[in-house]
Amino acid sequence: MANTLFLLSLVVIWVMLLYHMFLMLGGYLHFTRFERVIPQWKKKLTDLPTVSILIPAHNEAVVIEKTLRAMIRLEYPKDRLEVVVINDNSTDKTGEIARKIAMDHPFIKVVDTMPPRAGKGKSSALNQGFEISTGKYIIVYDADNTPEKKAVYYLVMGLENDQKAGAIVGKFRVSNAKRTLLTRFINIETICFQWMAQAGRWFWFKMTTIPGTNFAIRRSIIETLGGWDEQALAEDTELSIRVYNLGYSIRFFPAAITWEQEPETWKVWWRQRTRWARGNQYVVVKFMRTFLSLERKIVAFDLIYFFFTYFLFFSGVIVSNIIFITNLFIDLQLTIGLVSIILWVLAYFLYVTEVFITLSIEQTEMTLTNFFIVLLMYFTYSQLWIILVAYSLILEIKRALLRQEVQWYKTERFDSES
């Protein structure tokens, strides 16, 4: 029995590692090609459309001014740009700061959410902001984001030139990457996520997950879908599945770049990532139940990927770890002991190789410090993810059984200038 479980868990782990190697190859190829379309797209982009940028903001006083200054610097005609700050039940000076800036910049609007819809989370705030927006395209930024000057222009360029794309997704980078060991881990993680999972899936399958920030979507799609799902903790992943199901692709276009703040303490990281894990588990269960009624069966590919990631892969790692440790104290009569050690060592080297190749895409990230951090990540940061996913699954099962109301955790911000 132990031999069978151990073997199955190793198979699951290796399938995931090899699949990520495949994605990494696609991501690298996308990196070498994605800019080729820009000259041709620029020629066709003669009349810029109206755009509404939605910024949900709940207690964002620490970061909101910097974010709005970045909006002011955007290289996009201000008479076609509308920035909507959705001040969602803030108890700090978020609204006051935003209104002060808006007084000098008429294209910035500040709206307050009102009871009973106030403080219900990001999805609810986005729906309320969308109701008063007017732009042909909707762009979303988190309140800690500072997009580069051309970011909005590139997102719009993508939608105007790629009619099959329902949404265009840009790239985000970590603004406080060097603050702590944790932010260094996250910086490497986000680079890998974007060039493997995002760019790789786009290159091979024309699929990309809408992130929580730095993406543009057609207004008509949000109207057709009836807005964001207010029960979803991962509203971006949930929206992605529904956009696919309408028949659109979602394009990863890394020319559009934003910089965002990441958690600087483990407590904040744990709460944020727990929300993400629970949100993705919710999406898998929600759409797996309606799998047969999905209009586009290619959606199943992404659902299986998420199912594999959040259920099978982590289960495989947990089972293999338990058996390995137990066997150190109790003889489980494992007959594949030596083979398992060889596979484990090979898996480790495959993991670090994938990460190093992905880091090489971002020229400034192949440093000696990052080299040692990558070697350390497998035994520390990656193992914490396993515990976190298991914990999230328990919470999600409990919520479903007890029919608890979804509780939104808003990520705390840090004054990185101090």
Side-chain angles (χ1 to χ4, degrees), residues 16-31 34 142 144-145 167-177 182-205 207-215 233-240 250-263 269 272-281 283-284 302 305-310 313-314 350-362 364-366 370 373-374 377-378 380-386 388-389 392 411:
M16 201 62 171
L17 285 171
L18 293 174
Y19 181 60
H20 276 158
M21 180 62 84
F22 175 66
L23 290 181
M24 185 274 296
L25 175 62
Y28 193 85
L29 292 173
H30 185 54
F31 161 69
F34 78 91
D142 283 339
D144 63 331
N145 270 223
I168 300 291
V169 172
K171 181 176 73 173
F172 67 89
R173 294 297 312 278
V174 178
S175 61
N176 55 342
L182 174 60
T183 58
R184 288 182 184 274
F185 282 145
I186 296 172
N187 180 48
I188 293 170
E189 176 193 38
T190 56
I191 291 171
C192 291
F193 167 71
Q194 290 180 92
W195 288 112
M196 282 188 197
Q198 296 287 69
R201 280 159 65 229
W202 164 254
F203 184 84
W204 295 117
F205 312 115
M207 303 179 87
T208 295
T209 302
I210 293 174
T213 187
N214 198 31
F215 73 90
L233 289 172
E235 82 293 335
D236 36 19
T237 307
E238 198 276 344
L239 181 63
S240 302
I250 301 174
R251 191 184 191 107
F252 182 63
F253 191 46
I257 302 170
T258 190
W259 294 81
E260 74 172 19
Q261 192 183 82
E262 295 294 344
W269 176 86
Q272 182 196 57
R273 301 310 167 96
T274 299
R275 171 166 62 81
W276 290 5
R278 290 184 64 187
N280 284 317
Q281 288 160 353
V283 170
V284 171
D302 236 25
Y305 173 73
F306 282 112
F307 178 73
F308 213 94
T309 301
Y310 284 96
F313 173 70
F314 283 102
L350 182 59
Y351 167 85
V352 296
T353 301
E354 288 176 353
V355 177
F356 285 143
I357 293 175
T358 308
L359 279 185
S360 70
I361 294 176
E362 299 288 348
T364 59
E365 300 297 338
M366 277 300 287
N370 278 349
I373 288 177
V374 170
M377 277 185 77
Y378 184 88
T380 53
Y381 189 78
S382 299
Q383 302 305 315
L384 270 178
W385 256 110
I386 297 167
L388 185 144
V389 170
S392 302
T411 304

With Thr213 as partner, the option from Thr258, Asp144, Asn145, Asp142 fulfilling side chain to side chain donor-acceptor pair (under 3.5 Å) is Asn145
Residues at least two apart in sequence or cross-chain that pass side-chain hydrogen bond (donor to acceptor under 3.5 Å, both in side chains) with Tyr381, listed by chain then number, are Glu189, Trp269, Arg273
Spatial distance of atom CG (Leu388) from atom CD (Gln383) [nearest 0.5 Å]
13.0 Å
Side chain to side chain contact (heavy atoms under 4.5 Å, CB included) assessment of Arg251 paired with Thr208:
CA-CA 6 Å; Arg251 191 184 191 107; Thr208 295; over 6 Å; no
Please name the pair of heavy atoms, one in Leu233 and one in Gly279, separated by the smallest distance, quoted to 0.1 Å.
CB-CA, 3.8 Å
Residues at least two apart in sequence or cross-chain that pass ring pair (Phe, Tyr, Trp, His ring centres under 6.0 Å) with Tyr378, listed by chain then number, are Tyr348, Tyr351
Which heavy-atom pair separates Trp276 from Ala234 by the least distance, and what is that distance?
O-CB, 4.3 Å
Show the numbers, then the answer: is there a side chain to side chain contact (heavy atoms under 4.5 Å, CB included) between Ile357 and Leu25?
CA-CA 9 Å; Ile357 293 175; Leu25 175 62; over 6 Å; no
Contact check, side chains of Ile257 and Phe172, non-hydrogen atoms, under 4.5 Å:
no
Nearest 0.5 Å, what's the CZ-OG distance between Phe185 and Ser382?
8.5 Å
Heavy-atom distance under 4.5 Å between the side chains of Phe356 and Val374, does that happen here?
yes
Under 3.5 Å: donor-acceptor pair, side chain of Ser240, backbone of Thr209
no
Can you name the side-chain hydrogen bond (donor to acceptor under 3.5 Å, both in side chains) partners of Thr274, sequence neighbours left out?
none
So does Arg173 pair up with Glu365, basic N to acidic O under 4.0 Å?
yes
Does any non-hydrogen side-chain atom of Ile188 lie less than 4.5 Å from one of Met377?
yes
Beyond-backbone contact of Glu238 with Glu235, side-chain heavy atoms, under 4.5 angstrom:
no
Look at the side chain of Thr237 and the backbone N and O of Asn280, then say whether any donor-acceptor pair between them is shorter than 3.5 Å.
no
Taking only residues two or more places apart in sequence, or in another chain, which ones meet His30 in a side-chain hydrogen bond (donor to acceptor under 3.5 Å, both in side chains)?
none
Which pair of heavy atoms, one from Glu362 and one from Ile191, lies closest together, and at what distance?
CG-CG2, 3.9 Å
Qualifying residues under ring pair (Phe, Tyr, Trp, His ring centres under 6.0 Å), relative to Phe307, sequence neighbours excluded:
Phe311
For Phe253 and Ile168, the nearest pair of non-hydrogen atoms, with its separation, is CB-CG2, 3.8 Å
Contact between Tyr28 and Trp195 at the side-chain level, heavy atoms closer than 4.5 Å - yes or no?
no
Any chance you could measure Phe252, atom CZ, to Phe34, atom CZ, to the nearest 0.5 Å?
8.0 Å
Heavy-atom check, side chain of Pro211 versus side chain of Phe215, under 4.5 Å:
yes
Smallest heavy-atom separation, Met366 atom then Leu359 atom, equals SD-CB, 3.8 Å
4.5 Å side-chain heavy-atom contact, Arg201 and Leu23:
yes
Mark yes or no for whether Asn176, through its side chain, and Glu262, through its backbone, hold a donor-acceptor pair below 3.5 Å.
yes
NE2-CE distance between His20 and Met196, expressed to the nearest 0.5 angstrom
7.0 Å
Tell me the closest heavy-atom pair linking Gly27 and Ala199, and the distance in Å.
CA-CB, 3.7 Å
Report yes or no: does Thr358 contribute a side-chain atom to a donor-acceptor pair with the main-chain N or O of Cys192 at less than 3.5 Å?
no
If you define the side chain from C-beta out and look only at heavy atoms, does anything of Gln281 sit under 4.5 Å from Val389?
yes
Partners meeting salt bridge (Lys or Arg N to Asp or Glu O under 4.0 Å) with Asp236 (sequence neighbours left out):
none
